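Right, one structure below, let's go through it.
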Amino acid sequence: MEKSYTKVIFFPVSVDHKDTMRKIRSLAELEVFRTVARLGSFSAASESLALTKSAVGKSIARMEEKFDGPLFFRKNGRQQPTALGHRLLTASDRILFEADYLEGYVSDGGEEINGSLSINIPISFGRRCLLEPLISFVRRYPNIDLEVSFSDRFVDISEEPYDLCVRLGDQVEEHAATVIDVGAQDYGLYASPGYISDRGTISGRNDIARHSFIVFGRGLTHSSLEFKINGKRFHEAIRPKYIFGEGESMLEATVQGLGVAKLPDWLCKDAVDAGNLIQLCDGWVFHPRPIRIVLPKNKPRPTATNLLIEKLERSLSNPLCGKQ
């Protein structure tokens, strides 16, 4: 019988787990590490895994000793992966996903998973955060046909022919939908080194009024910044200087030195790593926005959909899920 192949618009990427598998022999250690990264807390991970907090801490300490470096740092009250931690998280997702696949494959008698999926994802977030897990998914299940639509418009999944949507933010209006919260976007204030050199940094709330702000929206005459400092909430009015209706354009305007912008950390990661952006006001905590999977409530959910949900839950649980 001729083998069918996945219809997909992406180019596959190579995966090399040799370094990780050489240093870590226990999948349980990887699960502990990934749970801390997903929940952002040793205490929350211990509750989720039914372990003591001490056992979680010792497991992370053993891994840090094996990899000769810290895997987490504390920011905004959460345990955030370091650069080393991000690399390990990417490998952990793949290895644990393949381990789950192996278990299911044996339990199902080696039957291949078939089917077709149609999904809708945001443009910038989809390209930066979802391409790699989607590529990994279709490589693992080559008999699943995948159709991916990139769009920033609001999609009513109860009215349109999608099996799954990924949403950023709080907007879920349709009643005939099932919503799965899988992570959160953390935000920061960003500006280019050139802009900071010309206009100075923001050292306190009194500095806000003298800066040009780049904001997201349409036809705005006023906007505001809401944040916490040492747990105390502040609400500061700003007058937008430049208004964009799309995140990548806001990012480019900020990199080009037009002003200061509040942007998701995942969107700015590459520019920060390249030295093109600086994160300001490190002690200011902006309200995170949810990352959600939205499904039609009354539509049957085949195995292919459940497998994709599991893959996306693992990938999107990392708050900084940009390119690693």
Side-chain angles (χ1 to χ4, degrees), residues 40 75-78 80 122-129 152 154 166-171 181 183-292 316 318-323:
K75 178 183 177 184
N76 297 339
R78 291 177 59 92
Q80 303 276 22
I123 297 173
S124 296
F125 186 78
R127 289 172 178 167
R128 289 173 178 259
C129 298
D152 288 333
F154 177 82
V166 174
R167 295 264 183 85
L168 305 178
D170 302 310
Q171 187 181 26
D181 286 344
Q185 298 183 95
D186 289 328
Y187 286 82
L189 280 184
Y190 292 90
S192 71
Y195 176 88
I196 295 301
S197 177
D198 291 340
R199 302 285 295 273
T201 189
I202 299 178
S203 299
R205 294 160 49 213
N206 293 334
D207 295 331
I208 290 176
R210 63 183 178 84
H211 283 275
S212 298
F213 278 88
I214 303 166
V215 301
F216 178 87
R218 179 182 298 176
L220 298 175
T221 57
H222 295 84
S223 187
S224 64
L225 289 176
E226 297 182 30
F227 52 91
K228 291 182 179 179
I229 302 176
N230 296 325
K232 184 177 180 181
R233 187 181 301 274
F234 295 93
H235 187 109
E236 298 289 336
I238 60 173
R239 186 179 68 84
K241 178 71 171 177
Y242 305 103
I243 304 170
F244 291 87
E246 190 266 333
E248 293 282 356
S249 300
M250 284 184 66
L251 174 65
E252 183 61 24
T254 310
V255 169
Q256 294 299 324
L258 295 187
V260 177
K262 187 185 83 170
L263 293 166
D265 292 344
W266 61 262
L267 183 62
C268 298
K269 181 181 185 303
D270 289 347
V272 171
D273 290 346
N276 296 323
L277 282 184
I278 297 172
Q279 185 172 4
L280 311 176
C281 308
D282 186 52
W284 297 15
V285 180
F286 295 91
H287 181 65
R289 303 288 299 281
I291 303 171
R292 290 170 161 167
L316 297 180
N318 174 16
L320 190 61
C321 52
K323 296 178 182 178

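Because the structure is predicted, anything quoted here is derived from the model rather than measured.
- In this view, Tyr242 satisfies the ring-ring contact (aromatic ring centres under 6.0 Å, His included) rule with no residue, not counting sequence neighbours.
- When side chains are defined from C-beta on, Tyr187 does not count as touching Cys268, because their heavy atoms never get closer than 4.5 Å.
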- side chain to side chain contact (heavy atoms under 4.5 Å, CB included) between Leu263 and Phe216: does it pass, once the steps are laid out? CA-CA 9 Å; Leu263 293 166; Phe216 178 87; over 6 Å; no
- Query: Going through the checks in order, is the side chain to side chain contact (heavy atoms under 4.5 Å, CB included) test met by Thr201 and Ile278?
  - Reply: CA-CA 10 Å; Thr201 189; Ile278 297 172; over 6 Å; no
- Audit row: Ser223, Phe213, side chain to side chain contact (heavy atoms under 4.5 Å, CB included) steps and yes/no: CA-CA 10 Å; Ser223 187; Phe213 278 88; over 6 Å; no
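- A distance of 8.5 Å separates NZ of Lys262 from CG of Leu189, quoted to the nearest 0.5 Å.
- Other residues, nucleotides and ligands contribute over 12 non-hydrogen atoms within 6.0 Å of the NZ atom of Lys75.
- Using modelled atom types, one side-chain atom of Arg199 and one backbone atom of Arg210 make a donor-acceptor pair closer than 3.5 Å.
- For the atom pair Glu236 CD and Asp207 CG, the distance stands at 11.0 Å (nearest 0.5 Å).
- The two atoms that bring Leu280 and Ala191 nearest to each other are CD1-CB, 4.1 Å, heavy atoms only.
- When all heavy atoms are compared, the tightest approach of Pro193 to Leu277 is CD-N, 4.2 Å.
- Minimum heavy-atom separation, Gln279 to Gly188: NE2-CA, 3.7 Å.
- No hydrogens or angles considered: a donor-acceptor pair under 3.5 Å links the side chains of Asp265 and Tyr190.
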Enumerate, atom names and distances included, each donor-acceptor pair closer than 3.5 Å involving a side-chain atom of residues 250-261, sequence neighbours excluded.
residue: Glu252; atom: OE2; partner: Gln256; partner atom: NE2; Å: 2.7
residue: Thr254; atom: OG1; partner: Met250; partner atom: O; Å: 2.7

- Criterion side chain to side chain contact (heavy atoms under 4.5 Å, CB included) on Leu168 and Arg289, from CA distance to verdict: CA-CA 7 Å; Leu168 305 178; Arg289 303 288 299 281; over 6 Å; no
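- The aromatic rings of Phe227 and Trp284 lie parallel to each other, with less than 30° between the two planes, well short of the 60° mark.
- In terms of heavy atoms, Ser249 sits closest to Phe244 at CB-CD2, 3.6 Å.
- No side-chain heavy atom of Leu225 sits less than 4.5 Å from a side-chain heavy atom of Phe234.
- When the shell of 6.0 Å around CZ of Arg233 is examined, it contains 12 or fewer heavy atoms from other residues, nucleotides or ligands.
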- Item | Arg128 vs Glu248, salt bridge (Lys or Arg N to Asp or Glu O under 4.0 Å): CA-CA, chis, key distance, verdict | CA-CA 11 Å; Arg128 289 173 178 259; Glu248 293 282 356; 2.9 Å; yes
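- The distance from atom CZ of Arg239 to atom OG of Ser212, rounded to the nearest 0.5 Å, is 8.0 Å.
- Crowding of Asp282 atom CG: a count of heavy atoms from other residues, nucleotides or ligands under 6.0 Å not exceeding 12.
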